[in-house]
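Below is one structure, written out as structure tokens, with a few remarks after it.
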Amino acid sequence: MKFQDEYRDRGLVQGLAAAIADKARQLPEPVRLMEVCGTHTMAIAQFGLKSLLPEQVKLVSGPGCPVCVTPVSYIDHAIALSSLPDTVITTFGDLLRVPGSHSSLMVERAKGADIRIVYSALDAARLATELPEKQVIFLGVGFETTTPTVAAAILAAEQQRCNNFSVLTSHKTMPGPMQALSADPELKIRGYLCPAHVSTVIGSDAYLPLAEQFGIPCVVTGFEPADVLQGVLMLVRQCRTGQARVENQYSRAVTRQGNAKAQELIRNVFEPADAVWRGLGVLPGSGLVLRKSYAAFDAARRFLVELPDSSEPAGCRCGEVLTGRIAPADCPLFGTVCSPETPVGACMVSSEGSCAAAWRYGMQ
Amino acid sequence: MCLGVPMQVLEINDDMVLAEIDGVQREASLMMLGEPLVVGDYVIVHAGFAISRIDPAEAEETLRIMREIFQPEDMA
């Protein structure tokens with residue numbers, strides 16, 4: 001496949017790894033670099049990229065997996081909605097097995113709740129027009145790559161006067177959590193591999209405050225092995241020379257300003273709000289909720305359900321994994337009671353979760 | 001869920017495209033894309049939407065820079 005195979009070239013990858021090793025020798029001290037994107041986490045594990053890096057360069061995973069950062073209370077809310085009569089819950093597959101406080105959507109489906117996996121939010125809106133006697137609720141979770149797709153589905157439903165479609169939203173934005181982590185001196189993050197596809201929407205300029213206020217180098221980086229290594233090399237170069245700039249390794253898909261049409265879709269339908277992140281707590285202005293003019297599509301406003309007191313699974317350390325404080329294998333549940341077959345925490349469930357990546361590819 | 005893949009555009013029908021990767025074909029909406037496309041272009045498809053057109057010139061430039069890293073003066 002063009003635009004994929006050439007960035008997996010063995011010689012290219014080895015050359016980049018050698019260049020990183022060379023530049024890292026001149027670092028005054030070892031550096032911790034954080035990737036903030038589930039697809040980076042998977043690519044780094046899948047291609048064994050950590051094994052190509054010198055000791056002075058350590059890669060840690062941050063809060064880049066949207067399913068993982070979604071709080072337990074959201075899952076509990078979705079489960080409560082699934083118990084309503086004549087209601088169909090539509091969701092991306094990853095959310096199905098995330099444990100709530102007392103159950104999961106998967107368990108509820110086995111007990112008879114109508115919960116269906118969709119590939120796109122548009123499919124959910126289409127289903128609503130096909131099932132006029134049912135209420136179709138879509139579970140809207142994700143960053144700026146997913147939010148415009150949900151906005152588009154809502155606009156499509158509005159255009160078709162479809163009044164049985166709604167969304168339970170838990171949309172979040174970058175780079176809010178990166179700023180929160182940058183302010184934590186304990187974490188000592190010296191550079192960010194900024195998410196690739198989120199950046200196609202928000203643009204590389206979105207990271208300027210991070211570089212300028214916190215003095216942390218930021219490199220928007222693609223997903224192929226050579227992309228990731230080039231991103232690391234660019235960060236190491238900045239660390240070596242004491243710079244903190246925003247660079248764009250993934251210029252074939254990301255511009256400085258981002259995708260204006262996608263930004264407009266978000267702005268038309270959503271507005272900023274505080275959001276709860278697993279592992280980080282409430283971050284001001286880091287979420288998106290439906291504007292009042294779209295309240296009719298807000299499942300949380302339309303359907304009042306009783307919600308349990310939400311609690312994280314006992315012993316689960318997803319919150320620390322998500323903020324780079326511990327590696328998956330440092331969690332006592334990892335590989336013992338928590339595995340992809342019987343996940344305890346969200347990081348083991350999602351195909352982009354750090355624990356799932358560590359389990360599958362045996363890294364870290 | 002956040003899986004974006006580069007796909008080649010096979011057909012364009014109004015605000016939808018048919019795109020292909022490794023023999024797998026998918027329809028994708030153009031509602032999120034602000035730039036014009038022609039058949040043969042590559043786009044990144046995420047959750048049923050084309051979210052970005054891949055710029056072939058920038059792709060080539062990135063590869064050129066990567067290959068240049070092999071140059072001895074850089075390794076010094």
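Residue numbering restarts at 1 for every chain, and letters A, B, ... go by the order of the sequence lines.
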Seminar exercise, completed: Cut-off 4.5 Å, heavy atoms of chain B, and the answer for Thr200(A) is side chain
Problem set entry | Ring centre gap for His171(A) and Phe143(A) strictly below 6.0 Å | no
Exercise. So, do Ser204(A) and Ser199(A) sit near enough that their side-chain heavy atoms are less than 4.5 Å apart?
Worked result: no
For this session: Check the pair Arg64(B), Glu68(B) against salt bridge (charged side-chain N to carboxylate O under 4.0 Å, His left out), reporting the backbone distance first and the verdict last.
Result: CA-CA 6 Å; Arg64(B) 188 187 66 74; Glu68(B) 253 182 22; 2.5 Å; yes
For this session: Would you indicate whether the side-chain heavy atoms of Ile117(A) and Phe92(A) approach each other to under 4.5 Å?
Result: no
For this session: Side chain from CB out, backbone as N, CA, C, O: work out which of these in Ile51(B) comes under 4.5 Å of a heavy atom of chain A, or both, or neither.
Result: both
Exercise. With sequence neighbours left out, which residue pairs that include part of residues 222-234 of chain A fulfil the salt bridge (charged side-chain N to carboxylate O under 4.0 Å, His left out) condition?
Worked result: Arg8(A)-Glu224(A), Asp227(A)-Arg252(A)
Exercise. Most heavy-atom pairs under 4.5 angstrom with chain B, which of Gln4(A), Gln230(A), Gln249(A)?
Worked result: Gln230(A)
Exercise. For Glu35(B), is it the side chain, the backbone, both, or neither that has a heavy atom closer than 4.5 Å to a heavy atom of chain A?
Worked result: neither
Exercise. Is chain B contacted by the side chain of Ala260(A), its backbone, both, or neither, given a heavy-atom distance below 4.5 Å?
Worked result: neither
